[in-house]
Amino acid sequence: MRPGNPEALSQPYDPRRIEPERYAFWEQLGVFQPRPDLAAQPKGTGSKAPFVIAIPPPNVTGSLTMGHALGESVRDCIIRWQRMEGRETLYIPGMDHAGIATQNVVEKKLKSEKKTRHQLGRDGFLKAAWEWKEQYGGLIFQQERRLGITPDWKRERFTLDEGYSRAVLHVFKALHDEGLVYRGRYIVNWCPRCRTALSDEEVDMVETDGHLWHIRYPLKDGSGGVTVATTRPETMLGDTGVAVNPKDARYAKLVGSMAVLPLVRREIRIVADDMVDPKFGTGAVKITPAHDANDFQTGRRHNLPEIVVMDEGGVMNDAAGDFRGLDRFVARERIVAALQDAGYLEKVEPHRHAIGHCSRCNTIIEPYLSWQWFVKMAPLAAPAIEAAKKGRVKMFPARWKKVYLNWLENIRDWCISRQLWWGHRIPVWYRGDEQVVSLDPPPGEGWRQDEDVLDTWFSSWLWPFATLGWPEKTPDLDRYYPNSLMVTGSDIIFFWVARMIMAGYHFMGEAPFAHVYFTSIVRDAQGRKMSKSLGNSPDPLAMMEKYGADSVRFCMVQTPTGQDLLFDEKRLENGKFFANKLWNATKLVTMRLGDEDLSTVKESSLRLSLADRWILSRLANAAKDVTRNLKTYRFAEATQAIYHFAWNEYCDWYLEMAKPRWALAEQAPGEAGSGVLTPEQRDDLRTARWVSWRVLDGILRLLHPFMPFVTEELWQAIPHDGETLALASWPKAKKSWFDAEAEREVGFLQGVVVAVRNLRVESKIAPGKPVPVVVRGGQAQLDLLDRLASQVKPLARIEHLQLSRDGARPPVAASAVVQGAEIFLPLDGLVDLDEERARLAREAQKLLADLEGVKKKLRNQDFLRKAKPEIVQKENERLGQLEETLDKLKRAQQSLSAVRE
RNA sequence: GGGCGAUUAGCUCAGCUGGUAGAGCACUUGCUCGACAAGCAAGGGGUCACUGGUUCAAGUCCAGUAUCGCCCACCA
C-alpha cells in the first residue's frame with residue numbers, strides 16, 4: 001500500500017496543470033504496450049484473449065477535429081476498461097497516405113514556390129512529398145496525445161511504408177492472378193481538376209437545378225427529324241447515335257435510318273433500345289458512348305463508335321472541331337447558342353437532377369472513357385454479406401447492418417487506378433504487347449511500369465492485418481488477428497468498413513473484427529457539417545485547454561451513437577464541473593482518513609453502519625451498471641451511472657453522513673481517540689474512514705476509462721495499491737454488498753431529511769437556524785431515526801428530534817408525510833397559517849388525483865385477472881400508502897383549522 | 001424513385017426486454033454552516049409530433065400521416 005498524497009490537492013483543480021504530466025508518467029511506465037503475460041490462453045478463447053483495436057488511420061495531412069476526438073474517446077475508453085479488466089490490450093496507431101488529399105497539399109506548396117509537379121518530374125515530386133510528410137505529417141498524433149489515448153506508439157504504421165506497400169502490391173497481384181483484378185476501357189468518374197479517375201464512392205451526388213435542352217436532329221433523307229432531350233448539350237459533339245424505345249410507335253419507322261448531327265454534320269444511326277423511357281423528355285435519346293455510362297452500354301450493344309471530345313482537364317479536344325480549346329461549360333453555352341442560331345434548338349425546360357461532384361475538390365464529375373484497373377467485387381462481397389447476416393460481425397447500432405447489406409448486395413466493380421503520383425504504383429509492366437504483373441521489375445530490358453497508382457482505400461482495406469506484418473506470418477499476426485472492435489464514423493461504412501471485412505475474409509479467412517461501433521457525425525449547433533470554410537469546427541486543442549482533456553473525453557463519449565451530433569461547446573462544462581467536484585470530495589476524504597494503513601483493515605472486522613451498507617450496495621450497483629453498459633457500448637448510460645452515483649449518492653449523502661463520524665477524531669486528537677472515545681466510537685470512526693476510502697477508490701476506478709487524468713491524479717492522492725490506476729483492477733460488483741434493506745431504510749431517512757428541508761423553506765425559516773422536529777411513525781421507522789439521529793440531524797439542521805409512537809401532534813406546525821410517518825415542524829407564531837393550509841390543500845389534491853387513478857385500476861376486473869400478480873400487489877400497496885398519507889394530511893389540516901391566529 | 005433515422009421539459013438529449021416520465025444546461029427562491037459558488041438546499045416546467053390499432057396497461061409494440069435530416073439510385 002502506498003500512502004496518499006493529500007498535498008497534491010491543495011491547489012484548485014486545473015486540468016492544464018495535471019494532464020500533460022500524467023501522460024508522460026504513463027508512457028514511462030509503459031502502460032500502452034501490450035502485456036502478453038496477461039494472455040495465458042490462446043487467442044479466441046475465453047475472456048482473456050487479447051483485446052485489439054486498430055485506429056482508423058487519419059490522413060497524413062490531417063489535424064485533430066472534434067470527430068477524431070470523439071472516436072479516440074470511445075476507443076481509448078474501451079481499451080482502458082479492457083486493460084483494467086486484466087486483458088492484454090493492443091491499440092494500433094497509424095496514418096493513411098491519403099493519395100489525392102496529400103498530392104493536392106504538396107502541389108499547392110509547390111505552386112507557392114512557383115513550381116509544378118511536371119517540372120519536378122515523378123521522382124522529384126515524390127521526393128518533395130516525402131519531405132513534406134517528414135516535416136508536417138502526423139501532427140495529429142501530437143494532438144491526440146493531449147487527449148490521453150494509449151496506443152502502442154512503437155507500432156505506428158504508415159500505409160506507404162515499405163512493408164505495408166509490399167502487402168498492397170501483393171494483394172493486387174494475388175487478386176489479378178485470381179482474375180479479380182482486370183484492366184479495361186470503360187466510363188469512369190473523372191475529376192477534371194484532380195485529373196484522375198475516382199471510385200463511385202468518391203462522388204457526391206448533389207440535387208441541382210439545371211435545364212433540359214430539346215434539340216432537333218434532322219434525318220439524312222430530309223424527311224424530317226428526331227428531337228432529343230439532354231442536360232449536357234456539349235456532349236453532342238461526341239454523339240454517335242440516337243436511341244428510341246422499340247415499343248415506341250412514334251419512332252418505329254425511324255429505327256435503322258440515319259440522322260445528321262447538327263453543327264458536326266456527322267451521320268449517326270437511330271437504334272432501338274430498351275433503356276429508353278418513352279415517357280421521359282421526347283422519348284428519343286442522343287447517344288454519347290464516350291461521355292455517359294448509360295450511353296456507353298447502349299453504344300456497345302449497337303456497335304456505335306466511341307468519340308472522346310474532351311481532354312483530361314475537361315477542355316474540348318480536336319474531336320470537338322470548332323469548339324476545341326474551350327472549357328466544357330463554355331463550350332456548352334457556345335453550342336447552345338450555335339444550335340439556336342441554326343434553328344435546331346426547339347425548347348429549353350428547367351430540370352432538376354443529381355449531378356456528381358468530386359468529394360475532394362467539389363468539381364463536377366465528367367463521365368469519361370478511359371483505360372483503368374478494376375476489382376471484380378461480387379465474389380469478395382459474398383462472405384462479407386454472410387458474415388453480417390450470421391452475426392459474425394456485429395454492428396452497433398444494429399441498424400447499420402441494413403445499410404451495409406444493401407450496398408454489398410448491389411455492389412459494383414471498383415475502379416482502383418488513379419492518375420496520381422503519390423501512392424502505390426501499379427505493379428504492372430509493359431513491353432510491346434507483353435504485360436507482366438510483378439512486384440519487382442521483370443528481368444530484361446525495355447520494361448515500362450504502369451504510370452498509375454492505386455486508390456488509397458485499396459491500401460486501407462488491409463489495415464487490420466497489414467499493420468500486423470501480413471503477408472509475412474508474424475507472431476503478431478497470429479496473436480492479434482482478428483481485432484476485437486472497430487470504432488469509426490458511419491460515413492465510411494462503404495469506403496472502409498465493408499471493404500475491410502471483404503479483405504479480411506478473402507486474405508485471412510475470417511472477419512477482421514467482431515464488433516463495429518459507429519460514432520456520431522459531429523455537426524455544429526445549427527446542424528451544419530463541420531467544415532474549414534465555414535469556420536464552424538471547434539478546435540479540440542482549444543477545447544482541451546479550456547475544459548481539460550478529461551472533460552472533452554467524458555462529454556464526447558456520451559454522445560448519441562451512429563447519428564448526427566449537434567455539438568455545442570457548452571456541454572463540455574459538465575465534465576469539468578464533475579472533475580472539480582471529485583477533486584474537492586477527494587480533498588475532503590484525504591483530510592479525514594487518519595494515519596492507519598487502511599489496506600490492512602479487514603472488511604469483516606468492521607461493524608458497518610446503515611449508511612455504510614447503503615453506499616456499498618450503491619457502489620455494487622454502479623459497478624454493475626457501468627460494466628453492463630460498456631459491454632453494449634451504451635456510453636451515455638455508463639457515464640450517467642457513475643456520475644449519478646459519485647455526485648448524488650456519494651458526495652451529497654454519504655460524505656455528509658460521514659462528517660459527524662469523522663468528527664469523532666477531533667474530540668480526541670492524536671491517538672485515534674484512545675482513552676476519550678468509547679471502543680464503539682473508535683470502531684465507527686475506523687469504519688467510516690475505511691468505507692469512504694474504499695468507495696472513493698471504486699469511483700475513481702469506474703471513472704478512469706472516461707476521465708483518465710483526473711482519476712489518476714486523485715487515486716495517487718489517496719492510499720493506493722500499485723503504481724498506476726491505469727493498470728489497477730476493474731471493480732467487481734461484490735455480491736455481499738448488495739443490500740436491499742439498507743437501500744430501503746436510507747430511502748426513508750432521505751425522505752425525512754428532504755421533507756424537513758422542504759418544510760423549512762416553505763415556512764421561510766432562516767437557513768442556518770436549527771429547528772425542533774417531531775416525528776410520529778411506526779416503531780421500525782422511529783428506531784431507524786433514533787439510531788442515525790446524529791447523522792440525520794445535521795443534514796436538516798434539526799436542533800431537537802422528538803420521536804413518538806402516537807404522542808400528541810404539535811398544535812401549530814408545518815407537516816408532511818413520508819412513507820406513512822408524520823413529520824412536524826412546530827412553529828409557534830412563526831408560520832403563516834394560511835399559507836400552510838394552502839400548501840396542505842395543494843398536496844392533498846395531488847394525492848387525491850393519484851389515488852383516483854389507482855382506484856380505477858384496481859376496480860378494473862381485467863387488470864386484476866390479467867396483469868402479473870406482482871404488479872397488482874404493487875398497486876394495492878400504493879393504494880394503502882396513498883390513503884394513509886391523505887388521511888394524515890387531512891388531520892393536519894383539521895388541527896390547523898382549529899387554531900386561531 | 002428506394003431505404004434509414006429523428007420528432008419526449010425553453011435547449012441538447014437518456015429512457016435497453018410495455019407496468020406511477022429522467023439527466024445536463026437554462027429558469028425561480030434561498031444560502032460565504034472550514035471539500036467544492038466549477039458549489040449547496042428547495043422548487044417550477046412535459047396531453048412523450050399526429051391518427052388509428054394490439055394490450056388489463058403504450059413514450060415504449062404495429063400500421064398510416066406530417067415535418068425535418070441522412071444515405072443509396074445509369075430518366076438522358
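Being a predicted model, the structure only gives us computed values, none of them experimental. Residue numbers start from 1 in every chain, and the chains themselves are labelled A, B, ... in the order their sequence lines are given, proteins ahead of strands.
Nucleotides A26(B) and A73(B) place their C1' atoms 44 Å apart, quoted to the nearest Å. C70(B) and U28(B) have their P atoms separated by 36 Å, with the value rounded to a whole Å. Comparing G46(B) with C13(B), their C1' atoms sit 14 Å apart, to the nearest whole Å. G30(B) and A57(B) have their P atoms separated by 47 Å, given to the nearest Å. The gap from the P atom of U7(B) to that of C61(B) amounts to 11 Å, rounded to the nearest Å. Remark: the separation of the P atoms in A76(B) and G59(B) is 46 Å, to the nearest Å. Here, G10(B) and C56(B) have their C1' atoms 37 Å apart, quoted to the whole Å. Using atom P as the reference point in both A58(B) and A49(B), the two lie 15 Å apart (nearest Å).
Listed nucleotides: C56(B), A76(B), A42(B). Nearest to the side chain of Val754(A): A42(B). In this structure, of A42(B), A73(B), C75(B), it is A42(B) that holds the atom nearest to the side chain of Arg757(A). Taking every side-chain heavy atom of Thr231(A) into account, A76(B) is the closest of A76(B), A42(B), U12(B).
The side chain of His351(A) contributes an N or O atom lying less than 4.0 Å from OP1 or OP2 of A76(B).
We find that CD of Glu207(A) is positioned 11 Å from C1' of A73(B), with the value rounded to whole Å. In this entry the distance linking CZ of Arg232(A) with P of C74(B) reads 14 Å, nearest Å. Atom pair Asp295(A):CG and C74(B):P shows a separation of 14 Å (rounding to whole Å applied). Atom CZ in Phe567(A) sits about 15 Å away from atom P in U12(B), given to the nearest Å. Rounded to a whole Å, the CE atom of Met66(A) is 15 Å from the C1' atom of U12(B). Here A23(B) presents its C1' atom at 14 Å from CD of Glu649(A), a figure rounded to the nearest Å. Here G1(B) presents its C1' atom at 12 Å from CG of Asp277(A), a figure rounded to the nearest Å. If you measure from atom CG of Leu566(A) to atom P of U12(B), you get 7 Å, rounded to the nearest angstrom.
In summary, Glu569(A) and Lys546(A) engage in a salt bridge, as defined by a charged side-chain N under 4.0 Å from a carboxylate O. Here Glu349(A) pairs with Lys347(A) in a salt bridge; the nearest charged N to carboxylate O distance falls below 4.0 Å. Using a cut-off of 4.0 Å between Lys/Arg side-chain N and Asp/Glu carboxylate O, Glu306(A) and Arg300(A) are scored as salt-bridged. By the 4.0 Å N-to-carboxylate-O rule, Asp568(A) lies too far from Arg571(A) to be salt-bridged with it.
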What's touching nucleotides 69-72 of chain B from the protein side, N or O pairs under 3.5 Å?
none

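For Arg328(A), the side chain to side chain donor-acceptor pair (under 3.5 Å) partners at least two apart in sequence or on another chain are Glu366(A). Partners of Val203(A) under the side chain to side chain contact (heavy atoms under 4.5 Å, CB included) rule, at least two apart in sequence or in another chain, are Asn189(A), Met205(A), Ile365(A). Glu409(A) is linked by a salt bridge (Lys or Arg N to Asp or Glu O under 4.0 Å) to Lys389(A), counting only residues two or more places apart in sequence or in another chain. With sequence neighbours left out, the salt bridge (Lys or Arg N to Asp or Glu O under 4.0 Å) criterion links Lys570(A) to Glu573(A). Annotation: salt bridge (Lys or Arg N to Asp or Glu O under 4.0 Å) contacts of Glu843(A) (sequence neighbours excluded): none. The salt bridge (Lys or Arg N to Asp or Glu O under 4.0 Å) check on Arg865(A) picks up Asp862(A), with sequence neighbours excluded.
A heavy-atom distance below 4.5 Å is not found between the side chains of Val226(A) and Arg216(A).
In RNA chain B, stems built from 3 or more consecutive Watson-Crick or G-U wobble pairs, each with both distances under 3.5 Å, span B:1-7 with B:66-72, B:10-13 with B:22-25, B:27-31 with B:39-43, B:49-53 with B:61-65.
For Asn294(A) against C74(B), a side-chain-to-base donor-acceptor contact under 3.5 Å is present.
Not a single donor-acceptor pair under 3.5 Å links the side chain of Thr298(A) to the backbone N or O of Phe296(A). Although no hydrogens or angles enter the test, the distance criterion places a donor-acceptor pair under 3.5 Å between the side chain of Thr559(A) and the main chain of Met556(A).
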When you check every protein heavy atom under 4.0 Å of nucleotides 30-40 of chain B, what one-letter string (B, S, -) results, 5' to 3'?
-> S--B-BB-BSS

Assign a letter to each nucleotide of nucleotides 15-22 of chain B from its 5' end: B, base within under 4.0 Å of a protein heavy atom; S, sugar-phosphate only; -, no contact.
-> SB--BB--

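When heavy atoms are screened at a 4.0 angstrom cut-off, His214(A) is found touching no nucleic acid atom at all.
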If you look only at distance, which donor and acceptor atoms sit under 3.5 Å apart when one is on a side chain in residues 6-18 of chain A and the other is two or more places apart or in another chain?
from: Ser10(A); atom 1: OG; to: Glu7(A); atom 2: O; distance (Å): 2.8
from: Asp14(A); atom 1: OD1; to: Arg16(A); atom 2: N; distance (Å): 3.1
from: Arg17(A); atom 1: NH1; to: Pro12(A); atom 2: O; distance (Å): 3.3

Below 3.5 Å, can you tabulate the donor-acceptor pairs from side chains in residues 585-592 of chain A to any protein atom, sequence neighbours excluded?
from: Thr586(A); atom 1: OG1; to: Leu582(A); atom 2: O; distance (Å): 2.7
from: Thr590(A); atom 1: OG1; to: Thr586(A); atom 2: O; distance (Å): 3.1
from: Thr590(A); atom 1: OG1; to: Lys587(A); atom 2: O; distance (Å): 2.8

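Within 6.0 Å of CD in Gln845(A) there are 12 or fewer heavy atoms belonging to other residues, nucleotides or ligands.
Take the nearest nucleotide of RNA chain B for Lys570(A) and for Asp862(A): the residue whose nucleotide is more 5' is Lys570(A).
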